[in-house]
Amino acid sequence: MNYLRLGMATVGAFVAYMGVGGLMFVLIPSLKQEFLKYPAVYRSHDGQMNHLPIAMVAILGSILVLAVLYGRLYQSGAGLTEGAIFGALIGLFIIGSFVLHNYANLNIGLRLTAMSALAYFVQWCVVGIVIGVIYRPARS
């Protein structure tokens, strides 16, 4: 495994994840409004900002795990197409294990669930693409 490329892919994908996440709230302003409808479920903006370092470390660690999985699955360092497929699979996993799970357990609406599913799917597809483009296996 190429540890330098693994680190670069992790950092690149983390930056992309955070950038796309922020962009989603700019491009889809109604997404923020949907979250605001559930103040008993979600923290206030200040509360979220206070806990942002925890979220960032958790996402960085999760992306590192995905980069390692990608490196182990794609020994050729397959690139953009395989990265996109990998990201789409991760996105679908997140929708099933997190978004729909939250819809079942939290008192949130279907509109927020659908918007979250779209946003997370796009974010994780981008993460997969970035990992696929950056990661290359170590030379033997």
Side-chain angles (χ1 to χ4, degrees):
M1 194 167 296
N2 186 335
Y3 295 107
L4 176 62
R5 284 291 188 148
L6 191 68
M8 291 169 51
T10 299
V11 171
F14 174 75
V15 170
Y17 178 91
M18 297 303 287
V20 170
L23 190 60
M24 287 289 184
F25 283 102
V26 171
L27 296 176
I28 311 170
S30 58
L31 185 57
K32 182 177 181 178
Q33 296 307 311
E34 284 301 312
F35 279 103
L36 292 174
K37 291 179 181 178
Y38 305 97
V41 177
Y42 295 102
R43 296 182 191 278
S44 67
H45 178 76
D46 289 340
Q48 289 180 25
M49 292 300 103
N50 288 338
H51 292 84
L52 187 60
I54 295 168
M56 292 175 75
V57 168
I59 290 297
L60 182 64
S62 297
I63 291 172
L64 173 61
V65 168
L66 292 179
V68 169
L69 286 172
Y70 183 87
R72 293 182 59 82
L73 290 170
Y74 300 100
Q75 297 297 316
S76 66
L80 189 131
T81 303
E82 292 299 326
I85 293 167
F86 181 72
L89 290 171
I90 298 302
L92 292 172
F93 174 79
I94 294 298
I95 289 169
S97 65
F98 175 69
V99 176
L100 293 174
H101 186 266
N102 279 352
Y103 178 67
N105 289 320
L106 302 177
N107 191 19
I108 59 175
L110 187 57
R111 179 175 164 85
L112 176 58
T113 302
M115 293 173 84
S116 295
L118 174 65
Y120 282 120
F121 184 77
V122 169
Q123 275 183 287
W124 289 108
C125 282
V126 170
V127 165
I129 289 168
V130 171
I131 290 171
V133 168
I134 294 174
Y135 182 78
R136 297 286 176 267
R139 295 180 188 209
S140 307

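Note that the coordinates shown come from a computational prediction; the quantities given were computed from them, not determined experimentally.
Residues passing the side chain to side chain contact (heavy atoms under 4.5 Å, CB included) test with T81 are I85, sequence neighbours excluded. Scored by the side chain to side chain donor-acceptor pair (under 3.5 Å) test, K37 finds E34 as partners (sequence neighbours excluded). Applying the ring-ring contact (aromatic ring centres under 6.0 Å, His included) criterion to Y42, with sequence neighbours excluded, gives F35. In terms of the side chain to side chain contact (heavy atoms under 4.5 Å, CB included) criterion, residue partners of V68 (sequence neighbours excluded) are, by chain and number, M1, L6, L64, R72.
Taking CD1 from I90 and CD1 from I131, the interatomic distance works out to 8.5 Å, rounded to the nearest 0.5 Å. With rounding to the nearest 0.5 Å, the separation of CG in L66 from CZ in F86 is 5.0 Å. L110 contributes atom CG, which lies 11.5 Å from atom CE of M115 (distance to the nearest 0.5 angstrom). Distance CG/L36 to CG/L31: 10.0 Å, rounded to 0.5 Å. To the nearest 0.5 Å, atoms CD1 (I108) and OG (S116) are separated by 6.0 Å. The CD1 atom of I94 sits 12.0 Å away from atom CG of L89, with the distance rounded to the nearest 0.5 Å.
Minimum interatomic distance between I95 and A117 (heavy atoms only, all atoms of both residues): CD1-O, 3.7 Å. The two residues N107 and V41 make their nearest non-hydrogen contact at O-CG2, 4.1 Å. For the residue pair C125 and A88, the shortest heavy atom distance occurs at SG-CA, 3.6 Å. Looking at every heavy atom in both residues, V130 comes nearest to A9 through CG1-O, 4.5 Å. Scanning all heavy atoms of the two residues, the minimum distance from G21 to Q123 falls at CA-NE2, 3.2 Å.
In this structure, the side chain of Y135 engages the main chain of N2 through a donor-acceptor pair within 3.5 Å. With hydrogens and angles ignored, the 3.5 Å screen pairs no side-chain donor or acceptor of R5 with any backbone N or O of P137. Counting only distance, with no hydrogens or angles, the side chain of Y38 and the backbone of G109 share a donor-acceptor pair below 3.5 Å.
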Distance-only criterion, 3.5 Å: show the donor-acceptor pairs between side-chain atoms of residues 46-62 and protein atoms not counting sequence neighbours.
unit_1	atom_1	unit_2	atom_2	d
Q48	NE2	R43	O	3.0
N50	ND2	D46	O	3.3
H51	ND1	G47	O	2.7
S62	OG	A58	O	2.9

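Cluster annotation: F14 and V127 are assigned to the same hydrophobic cluster (Ile/Leu/Val/Met/Phe/Trp/Tyr, side-chain heavy-atom contacts under 4.5 Å, transitive). Linking Ile, Leu, Val, Met, Phe, Trp and Tyr whenever their side-chain heavy atoms come within less than 4.5 Å puts L112 and Y103 in one cluster. If you chain together hydrophobic residues whose side chains sit under 4.5 Å apart, L69 and F93 fall into the same group. When the side chains of ILVMFWY residues are joined at heavy-atom separations under 4.5 Å, either directly or via intervening members, I28 and L23 end up in a single hydrophobic cluster. When the side chains of ILVMFWY residues are joined at heavy-atom separations under 4.5 Å, either directly or via intervening members, I134 and V20 end up in a single hydrophobic cluster.
The ring-ring contact (aromatic ring centres under 6.0 Å, His included) analysis of residues 110-134, with sequence neighbours excluded, yields the pairs Y17-W124, F98-Y120.
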